[in-house]
Number of protein chains: 2
Amino acid sequence: MSEPDGRPVATTSPDEMSAFGSAPTPWSAASAGSTLFLLSKVGSRATKLYSEALEPLGLRPRHVAALRFLESRDGASQKDLVSGLWSDSSSVVSLVDEFERQGLAERRRNPRDRRSYGVHITAEGRRVLRSTEALAEEVESRVLARLSGAQRESLLRVLRSVIGTDPEV
Amino acid sequence: MSEPDGRPVATTSPDEMSAFGSAPTPWSAASAGSTLFLLSKVGSRATKLYSEALEPLGLRPRHVAALRFLESRDGASQKDLVSGLWSDSSSVVSLVDEFERQGLAERRRNPRDRRSYGVHITAEGRRVLRSTEALAEEVESRVLARLSGAQRESLLRVLRSVIGTDPEV
DNA sequence: TATTGTTATACTCTATAACTATA
DNA sequence: TATAGTTATAGAGTATAACAATA
């Protein structure tokens, strides 16, 4: 699959595949020296693309993060979700409301402290979570289109260090 | 400057300095495998902290990005700013409005195409831009507190590659 | 007709504060 | 008094669509 002159077709080149268009992006010259600026731009771009990819499932990125959290800590309280998702209590309430409406998770009273709920992911929740994984991979491959495998590993490792969860430490 | 037992004082340790609190963050286990999730979290955290740091100057991160852009491409049209900042036209209008109110930049009619303006940074705009630099460095050092110098360079290099402006390519 | 800029508007995300029910 | 959860509301940021002036 190539052009008449032998070049691979444009749509398979990293530049064409990238979520950041053809290089160089116009603003690069002014701000490519700022890690802060780049983190912010790349982060918001990734969020936006992932949001769009999740649209057919009726979910947004924070739903996926919450379902992942629940899968690893099933029965977590809403307070756990607040700290676990770096969110706030009112956002978590509406998040769990949506889960209950969609049948992806449910509240169960904690009999030992009736102020709190345990939030439990359902079988349907797990199934939906599995179906988001391919979408995440597809978006990630577009966002990181210009990176080699080694660079991708390096990025993941450094980001883990940034938040303090480097599994190698 | 150290504790009696020779350890450096706590406030200077990477964990205490980091904008991400003490490791491990609760949500790490569930999602630290996702570069997408980490990019989004780190990016939004960086933006938020930088916003707060800029508050005394009456600016927000996008103002700084725009001033940087204007410094490198003075007289750019608002359309240039739209593509240059990866923004949209209505946002750029209000951005330039604010610059004019604050005396940081000004519109000048383009005599060769009277539909468009050239946006010109003022001396005050340059002065303010200089004063944001120390703030950006301070925030960056908190966000990247856990990274070594080599890791910081690696992160910057990889982020440049992501957006396609790696100066070494 | 197409392009630059402007205005008005709406939508998402997040933050805050007041409230309830339990402890 | 303090805590878990809920509700209402407001703000920032962004996106969209209709419009005016100019090409």
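Only a predicted model underlies this, so the values are computations on that prediction, with no experimental measurement involved. Order of the sequence lines fixes the chain letters, A, B, ..., with proteins taken first and strands second; residue numbering starts at 1 for each chain.
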Open item on the list: Please determine whether a side-chain nitrogen of the Lys or Arg among B/Glu98 and B/Arg60 lies less than 4.0 Å from a carboxylate oxygen of the Asp or Glu.
Closed with: yes
Task: Ion pair check, A/Arg68 and A/Glu71, cut-off under 4.0 Å - done: no
Just the rounded figure in Å: distance from [atom2] of [N] to [atom1] of [X].
| X | N | atom1 | atom2 | result |
| --- | --- | --- | --- | --- |
| A/Leu49 | D/dT14 | CG | P | 15 Å |
| B/Leu54 | D/dG13 | CG | P | 11 Å |
| B/Leu59 | D/dG13 | CG | P | 12 Å |
| A/Arg45 | D/dG13 | CZ | C1' | 16 Å |

Does [X] reach the main-chain N or O of [Y] with its side chain, forming a donor-acceptor pair under 3.5 Å?
| X | Y | value |
| --- | --- | --- |
| B/Ser154 | B/Ala150 | no |
| B/Thr122 | B/Leu104 | yes |
| A/Asp74 | A/Ile121 | yes |
| A/Arg108 | A/Gly118 | no |

Open item on the list: So if I define the base as every atom that isn't primed, P, OP1 or OP2, how would nucleotides 15-23 of chain D read as a B/S/- string at a heavy-atom cutoff under 4.0 Å?
Closed with: BB-----BS
Task: Cation-pi, B/Tyr117 ring and B/Arg109 (6.0 angstrom, 45 degrees) - done: yes
Task: Under-4.0 Å side-chain N/O to phosphate OP1/OP2 contact, B/Arg60 with D/dG11 - done: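 Checking B/Arg60 against D/dG11: no side-chain N or O falls below 4.0 Å of OP1 or OP2.
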Task: DNA chain C: 5'-most and 3'-most nucleotides touching chain A, 4.0 angstrom heavy-atom criterion - done: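 Under 4.0 Å from chain A, the extent on DNA chain C is C/dC13 to C/dA23.
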- [ ] For B/Thr132, enumerate each residue passing the side chain to side chain donor-acceptor pair (under 3.5 Å) test, keeping only those at least two apart in sequence or located in another chain.
- [x]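 With sequence neighbours excluded, B/Thr132 shows a side chain to side chain donor-acceptor pair (under 3.5 Å) to no residue whatsoever.
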